[in-house]
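Okay, structure first, notes after.
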2 protein chains.
Amino acid sequence: MNKYPHSTRILVALDCIVFGFDGEELKLLLIKRNFEPEKGKWSLMGGFLEAEEDLEVAANRILYDLTGLKDIYFEEIKTFGKIGRDPVERTISICFFALINIHDHNQDQAKAQNAHWLNLKNRPSLIFDHNQMVDMALEQLRYKAALHPIGFELLPEKFTIPQLQKLYEAIYDTPLDRRNFSRKILSTKLLIDTGEKNQNSTTKKAILYQLDKEKYQSQFNAFHNFMSDAMI
Amino acid sequence: MNKYPHSTRILVALDCIVFGFDGEELKLLLIKRNFEPEKGKWSLMGGFLEAEEDLEVAANRILYDLTGLKDIYFEEIKTFGKIGRDPVERTISICFFALINIHDHNQDQAKAQNAHWLNLKNRPSLIFDHNQMVDMALEQLRYKAALHPIGFELLPEKFTIPQLQKLYEAIYDTPLDRRNFSRKILSTKLLIDTGEKNQNSTTKKAILYQLDKEKYQSQFNAFHNFMSDAMI
DNA sequence: AATAAATTGTGTTATATTTACACAATTTGA
DNA sequence: TCAAATTGTGTAAATATAACACAATTTATT
């Protein structure tokens with residue numbers, strides 16, 4: 001079966017950065033490792049690509065094992081392939097990030113993996129090159145969310161504009177003008193007024209919106225200007 | 001040395017889309033294969049990741065073998081990993097694109113690889129999933145060039161604004177307004193007037209500019225608006 | 001029942017950017 | 001000398017962005 005006889009076969013891993021949002025802060029779903037190597041330390045969720053498994057299928061498998069969710073939004077960041085990045089054995093790792101609604105995932109499945117939601121801002125140091133992976137994932141998230149409507153993936157189905165604004169403020173770690181933000185979002189016509197209002201409020205109840213999924217699909221690749229240049 | 005005993009090791013390839021520009025059209029440097037598999041057909045330049053080789057080093061090696069150039073601009077697109085994408089043996093391929101000045105590369109080295117510059121527009125069909133790789137590379141090039149000053153990588157050191165415009169028109173396959181394009185480019189302050197003029201012209205000789213490399217480095221991640229929304 | 005505090009929705013104006021154009025200058029060949 | 005092609009620069013209208021103000025809603029407090 002080895003038909004390219006002179007080439008070396010190498011372990012291929014996948015590592016996944018799972019972002020969540022609790023209404024105030026960006027969160028990461030991280031693994032407290034109860035297995036070797038680096039038992040006891042924090043790491044990303046990962047796994048090896050299997051012999052007869054499509055790469056995309058493997059990514060979905062790993063996300064499913066962690067969250068119990070299917071059809072999660074995810075995108076590849078890059079492949080990490082430095083010699084020695086995994087001290088156990090030469091391994092390259094295809095790194096990707098996923099966005100989920102923090103309340104949607106299966107708690108038992110996360111517990112089985114010993115996974116915990118930690119604040120992105122004061123996350124612990126991670127094993128191997130996982131810190132660098134998280135840095136690149138955040139950079140990529142900022143880049144993408146400034147131009148494309150992916151923030152919604154982190155929110156519940158129905159959400160208010162102030163909630164969306166808080167999300168963007170968390171992603172870019174910067175305050176935004178309420179009135180300009182609202183106008184910019186509404187001008188995309190991507191939001192549908194559900195007619196309902198957010199009942200979890202002790203002051204004026206904000207309008208609950210829903211994503212217009214058809215427009216979302218068709219406009220996804222168009223450029224929006226959600227952030228001017230605050231990001232990098 | 002196999003310390004993750006239960007996992008499968010897999011062949012890891014790299015495949016590279018090399019873009020060039022002849023002043024009129026976007027070009028690809030493609031291989032007319034004189035080796036198996038798929039001998040006689042067209043493909044991208046590629047190679048296998050070696051056992052003790054950094055991924056980045058491998059990409060540079062493959063580009064050097066093809067062009068004789070070092071420090072080429074390149075960026076990763078994504079990793080292709082479907083079962084059966086290489087009919088010989090399970091192989092994943094890390095796909096990236098590179099931008100070079102079409103007149104800079106070593107002709108002998110290209111000839112040794114049986115490489116030829118072909119027009120992007122009417123390129124032949126390629127082996128395996130290489131057609132899909134080219135499609136994604138073009139998409140990525142359009143995306144990136146709309147926001148970041150990477151087009152210069154395809155031009156000679158000294159170039160005119162009309163030449164730069166022709167490049168952008170080739171990338172996006174669309175005509176652009178001469179006056180607005182010029183203003184937009186000059187407003188970035190990335191160009192330095194060399195004081196020279198393009199002598200290869202039968203009418204008014206255009207000013208030759210040079211990239212301001214310091215500003216290029218520092219502004220690289222800033223958003224420019226080279227293209228409004230014509231792209232996708 | 002009236003009021004204060006917090007939050008949400010909408011509007012306005014000044015400034016900057018983008019778009020759609022027009023005209024003058026340069027260069028070569030007829 | 002003039003026509004044809006190309007390059008450089010300018011201008012006005014439309015659009016988008018940024019900075020700001022005010023009115024409405026809701027609950028808790030007096």
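Here the structure is a predicted model, which is why all the values come from computation and not from measurement. So you know, we letter chains A, B, ... as the sequences are listed, proteins then strands, and number each from 1.
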What pairs with A:Asp104 under salt bridge (charged side-chain N to carboxylate O under 4.0 Å, His left out), at least two apart in sequence or on another chain? none
Do B:Tyr143 and A:His148 have ring centroids that are under 6.0 Å from one another? yes
Return the value, rounded to whole Å, for the distance between atom CG of B:Leu176 and atom P of C:dC21. 16 Å
Does B:Arg179 make a side-chain donor-acceptor contact with the base of C:dA20, cut-off 3.5 Å? no
Judged by each residue's nearest nucleotide on DNA chain C, which is more toward the 5′ side, A:Ala206 or B:Lys197? A:Ala206
Test ring pair (Phe, Tyr, Trp, His ring centres under 6.0 Å) applied to B:Phe159 - qualifying residues, sequence neighbours left out: B:Phe152
Sequence neighbours excluded, the answer for ring pair (Phe, Tyr, Trp, His ring centres under 6.0 Å) partners of B:His116 is B:Trp42
Take atom CZ of A:Arg183 and atom C1' of D:dA16, then tell me their distance rounded to the nearest Å. 10 Å
Calculate the interatomic distance between A:Asp177 atom CG and C:dG9 atom C1'; express it in whole Å. 13 Å
note: B:Phe226, atom CZ; C:dT17, atom C1'; distance rounded to Å ~ 15 Å
Nearest-angstrom distance from the residue atom CG of A:Asn225 to C1' of D:dA18: 13 Å
Using a cutoff of under 3.5 Å, can you pull out all pairs of nitrogen or oxygen atoms linking the protein to nucleotides 3-7 of chain C, with atom names and distances?
from, atom 1, to, atom 2, distance (Å)
C:dT7, O4', A:Thr203, OG1, 3.0

Round to the nearest Å and state the distance from B:Asn180 atom CG to D:dA14 atom P. 16 Å
Between C:dT27 (C1') and B:Ile207 (CD1): distance, integer Å: 15 Å
State which residues pass ring pair (Phe, Tyr, Trp, His ring centres under 6.0 Å) with A:Phe96; sequence neighbours excluded, sorted by chain then number. A:Phe74
Quick one: A:Lys205 NZ to D:dT26 P, roughly how many Å, whole number? 6 Å
Partners of A:Thr67 by side chain to side chain donor-acceptor pair (under 3.5 Å), sequence neighbours excluded? none
